[in-house]
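Naming convention: chains lettered A, B, ... in sequence-line order (proteins, then strands); numbering from 1 in each chain.
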2 protein chains.
Amino acid sequence: MSKQAGLPVTRLPMVGQDTVCCVPMVREPLGEADAAGLSRMFKALSDPVRLRLLSLIASHEGGEACVCDLTGPFDVSQPTISHHLKVLREAGLVGSERRGTWVYYWVLPEALAKLSDLLRAPAAPAEVPA
Amino acid sequence: MSKQAGLPVTRLPMVGQDTVCCVPMVREPLGEADAAGLSRMFKALSDPVRLRLLSLIASHEGGEACVCDLTGPFDVSQPTISHHLKVLREAGLVGSERRGTWVYYWVLPEALAKLSDLLRAPAAPAEVPA
DNA sequence: AGCGTGTATCGACGGTTGTCGATGCAGGGG
DNA sequence: CCCCTGCATCGACAACCGTCGATACACGCT
């Protein structure tokens with residue numbers, strides 16, 4: 001327990017937000033450092049509750065939602081929701097801010113776009129090796 | 001165990017390959033079932049070794065690579081590589097086939113495209129709530 | 001100041017995951 | 001036929017993760 005100053009709020013260290021940008025991973029091999037950073041973001045997406053949380057936040061009116069809007073639709077406890085939100089925040093996928101009594105979360109579109117571009121595939125299997 | 005018939009080869013059960021297709025998760029909330037299936041795919045991407053494996057396979061000449069090409073670049077043992085390839089295969093991200101002595105792996109572009117589309121964000125933060 | 005509500009943190013517990021060495025199986029070559 | 005190589009599986013172990021109840025903290029209100 002080292003940090004307890006209310007809330008880290010908004011900008012966090014993020015992971016590898018600037019290590020790799022838009023090069024699809026299907027074109028050239030990922031470096032170890034890039035893979036480490038990216039895997040942390042994908043790990044944040046590897047839980048069904050977090051996936052639904054993210055989608056719920058993003059599709060919420062105004063592009064943001066307070067925690068009170070997010071605890072309802074799930075069967076898990078409020079501390080668990082809070083934990084998942086923290087994971088999403090530390091992965092650089094969402095931002096957060098306290099406004100009065102409530103804490104609001106929103107999606108960071110750059111992060112999603114980065115992952116989306118990375119996974120972008122030639123779609124058409126027009127390779128046909130030999 | 002239960003299955004040991006050489007190799008499952010090529011088509012596996014996959015996860016939720018057909019549950020959701022192209023709707024970005026930022027537009028409407030994900031259902032529980034969709035989230036469960038998708039989280040399994042993201043979980044397969046949540047390890048740096050698997051991420052590099054996938055990228056190595058995809059960017060390999062001809063779009064495929066044999067395991068012998070994949071064990072070299074990593075510090076982990078061959079059984080571990082084999083384990084990671086199995087995870088990728090069961091997540092529906094890669095296909096595999098035995099050809100003589102060697103086993104080849106290739107990326108399934110539809111799977112990557114599906115995830116890429118899902119993560120596709122409006123990019124422009126033109127929301128500005130209230 | 002005191003209280004009530006909203007949210008984060010703590011500590012614990014069980015299940016899952018990544019890793020290894022040892023072993024098993026498949027196929028090609030002497 | 002036997003061995004050698006390539007790859008998968010097994011069993012074990014430590015580390016990590018999701019979850020909970022209890023508790024602490026931050027604010028607004030009265």
Inset, instruction - Apply side chain to side chain contact (heavy atoms under 4.5 Å, CB included) to A:Ile81 and A:Leu85, showing your working. - result: CA-CA 6 Å; A:Ile81 294 292; A:Leu85 288 172; 4.0 Å; yes
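The heavy-atom pair separating B:Tyr104 from B:Trp106 by the smallest distance is O-CZ3, 3.8 Å.
Distance, B:Glu97 CD to D:dC7 C1': 15 Å, rounded to whole Å. Rounded to an integer number of Å, the gap from CZ of B:Arg99 to C1' of C:dG28 is 17 Å.
Taking only side-chain nitrogens and oxygens, B:Tyr105 never comes nearer than 4.0 Å to OP1 or OP2 of D:dG6. The shortest distance between the side-chain N/O atoms of B:Tyr104 and the OP1/OP2 oxygens of D:dG6 is not below 4.0 Å.
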Please tabulate, for the side chains in residues 45-62 of chain B, all donor-acceptor contacts under 3.5 angstrom to protein atoms that are two or more places apart in sequence or on a different chain.
from    : atom 1 : to      : atom 2 : distance (Å)
B:Ser46 : OG     : B:Lys43 : O      : 2.6
B:Asp47 : OD1    : B:Val49 : N      : 2.8
B:Asp47 : OD1    : B:Arg50 : N      : 3.3
B:Arg50 : NE     : B:Ala44 : O      : 2.7
B:Arg50 : NH1    : B:His84 : ND1    : 3.1
B:Arg50 : NH2    : B:Lys43 : O      : 3.1
B:Arg52 : NH2    : B:Pro73 : O      : 3.3
B:Ser55 : OG     : A:Met25 : O      : 3.2
B:Ser55 : OG     : A:Glu28 : O      : 3.2
B:Ser55 : OG     : A:Leu30 : N      : 2.8
B:Ser59 : OG     : B:Ser55 : O      : 2.7
B:His60 : ND1    : B:Glu64 : O      : 2.8

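Map A:Thr101 and A:Pro79 each onto its nearest nucleotide of DNA chain D; the residue landing nearer the 5' end is A:Pro79.
Scored by the side chain to side chain donor-acceptor pair (under 3.5 Å) test, B:Thr80 finds B:Ser77 as partners (sequence neighbours excluded).
Inter-axis angle, ends of the helix from C:dA1-D:dT30 to C:dG30-D:dC1, five pairs per end, rounded to 10 degrees: 10°.
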Is there any protein nitrogen or oxygen under 3.5 Å from a nitrogen or oxygen in nucleotides 14-18 of chain D, and what are the pairs?
from   : atom 1 : to      : atom 2 : distance (Å)
D:dG18 : OP1    : A:Arg50 : NH1    : 3.2
D:dG18 : OP1    : A:Arg50 : NH2    : 2.7
D:dG18 : OP2    : A:Arg50 : NH1    : 3.4

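Minimum atom distance to the side chain of A:Gln78 is reached by C:dT7, of the listed D:dG21, D:dA8, C:dT7. Out of D:dA8, C:dT9, D:dG6, the shortest distance to the side chain of B:Trp102 is found at D:dG6.
The disulfide (SG to SG under 2.5 Å) analysis of residues 35-66 of chain A, with sequence neighbours excluded, yields the pairs A:Cys66-A:Cys68.
Counting Ile, Leu, Val, Met, Phe, Trp and Tyr side chains that sit under 4.5 Å apart, directly or through other members, B:Val87 stands alone, with no cluster partners.
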